[in-house]
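First up is the structure itself, then whatever we jot down about it.
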Amino acid sequence: MPTHTADRRSPLSRVDGPEELRRRCDRIRAAGQSLGLVPTMGALHAGHRRLIQRSRAECDRTVVSIFVNPIQFGPGEDLNLYPRSLDADLAVCAELGVDLAYAPSEAAMYPEGFATRVNLRGALVETLEGARRPGHFEGVATVVTKLLVTARPDRAYFGHKDAQQCAVVRRLAADLNTGAEIVVCPTVRDADGLALSSRNARLDPAGRRQALAIPAALAAADAAFRLGERDAEAIRDVVLRRLAESPALDVDYVAVVDALTFLPITKMHVRCEILIAARMGGVRLIDVLTPGTDEGLVVGVGE
Ligand code: AMP
């Protein structure tokens, strides 16, 4: 648990390059303080805030990275449309008592001659998001590895909304002996149930109404699970039926998987997850639920 006291706070420092980040983080560790890392692509919302608050509560110092990682976007994906709001993000970091905001340029993160990629193997990176977004997890794994080896945090915080990403990061952090504990935080939702995402800003009101079928479908599956349904295909049908009520929603996949391996399951068990990916207009949305858990579909905790 953190050892900080009220007078230890210093204002937010912005760090632009990896060498400075390493120096600052080394200094924190040398002072015997614990370090939490919250990787983000900016456009910070209440989901990111929750991660930052968790790190602040559990670690002496918190570093937030703000970097729209180009190598995790495929050709034709929304890299150019991705919202960027660095000044507002730095203000959020300052407000929440973040110690370091790491906001490198693309050239600082991937300088001329950069040639390394971190790749995982197996179903975890080959199914679902991995199959739909070739190269996506390679880009995520590469940038997260760089952050973990540069900052060497005690803990790194990720959101359950990106469930497959959480599993990938957990795997690589363990496989590469980073020593970082990967902490997965519950999905934060808007009052209407939609999982917060920087991409939601691109939904028009009608699109947003259609998109609400996603949390509604997860809620229906959760209800069926709580009533005793344990057949994964039956749960999947509940989700698909509810999604079909929003015809404008273009469903990419609905999957019921084991949370560690991401392999499909036939019988629901304690470590399973229900995953949805769908496109509304040009906006790709993903959501997840572990049925029967406390996380449930708590709403009204967003901004
Ligand atoms: P992003 O900036 O979208 O790459 O997200 C940075 C981190 O925030 C990732 O670990 C995400 O899973 C997490 N995150 C994004 N949206 C939410 C949300 N609605 N609730 C909780 N965590 C989230």
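All values derive from a computational prediction rather than experimental measurement. Every number for a ligand or one of its atoms is a count from 1 in the order of the listing.
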Is the closest heavy atom of Ala46 to ligand 1 under 4.0 Å? no
Looking only at the aromatic ring of each residue, does the gap between the centers of Phe73 and Tyr82 stay below 6.0 angstrom? yes
Give a yes or no on whether Arg171 atom CZ has more than 12 heavy-atom contacts from other residues, nucleotides or ligands under 6.0 Å away. no
Can you establish whether the number of heavy atoms outside Arg29 located under 6.0 Å from its atom CZ is more than 12? yes
Please determine, by modelled atom types, if Ser34 and Asp60 share a side-chain donor-acceptor pair under 3.5 angstrom. yes
Answer with yes or no whether the side chains of Tyr110 and Asn69 bring together a donor and an acceptor at under 3.5 Å. yes
Report, in ascending order of atom number, the atoms of ligand 1 lying under 4.0 Å from any heavy atom of [X].
{"X": "Thr187", "value": "20 (N), 21 (C)"}
{"X": "Thr40", "value": "2 (O), 6 (C)"}
{"X": "Leu196", "value": "16 (N), 17 (C), 18 (C), 19 (N)"}
{"X": "Phe158", "value": "10 (O)"}
{"X": "Asp162", "value": "11 (C), 12 (O)"}
{"X": "Leu51", "value": "7 (C), 8 (O), 10 (O), 13 (C), 22 (N)"}

Protein contact of [atom] - nearest heavy atom, named by residue and atom, plus distance:
{"atom": "atom 6 (C) of ligand 1", "value": "Pro39 O, 3.3 Å"}
{"atom": "atom 20 (N) of ligand 1", "value": "Val188 N, 2.8 Å"}
{"atom": "atom 23 (C) of ligand 1", "value": "Gly159 CA, 4.1 Å"}

Considering only heavy atoms, does [X] approach ligand 1 within less than 4.0 Å through its side chain, its backbone, both, or neither?
{"X": "Cys185", "value": "neither"}
{"X": "Val38", "value": "neither"}
{"X": "Tyr82", "value": "side chain"}

N or O pair under 3.5 Å between [X] and ligand 1:
{"X": "Met41", "result": "yes"}
{"X": "Ala195", "result": "no"}
{"X": "His160", "result": "no"}

Yes or no on salt bridge (Lys or Arg N to Asp or Glu O under 4.0 Å) for Arg226 and Asp222, after CA distance, side-chain angles and deciding distance? CA-CA 6 Å; Arg226 286 174 193 267; Asp222 194 42; 3.0 Å; yes
Measure from NZ or CZ of Arg132 to the centre of the six-membered ring of Tyr253 and say whether it is under 6.0 Å with the direction within 45° of the ring axis. no
[X] and [Y] ion-paired at < 4.0 Å:
{"X": "Asp16", "Y": "Arg14", "value": "yes"}
{"X": "Glu58", "Y": "Arg54", "value": "yes"}
{"X": "Asp192", "Y": "Arg209", "value": "no"}

Tell me which one of Arg54, Arg50, His48, His45 gets a heavy atom nearest to atom 5 (O) of ligand 1. His48
Candidate list His160, Lys161, Arg189, test side chain to side chain donor-acceptor pair (under 3.5 Å), partner Asp287, passing option: Arg189
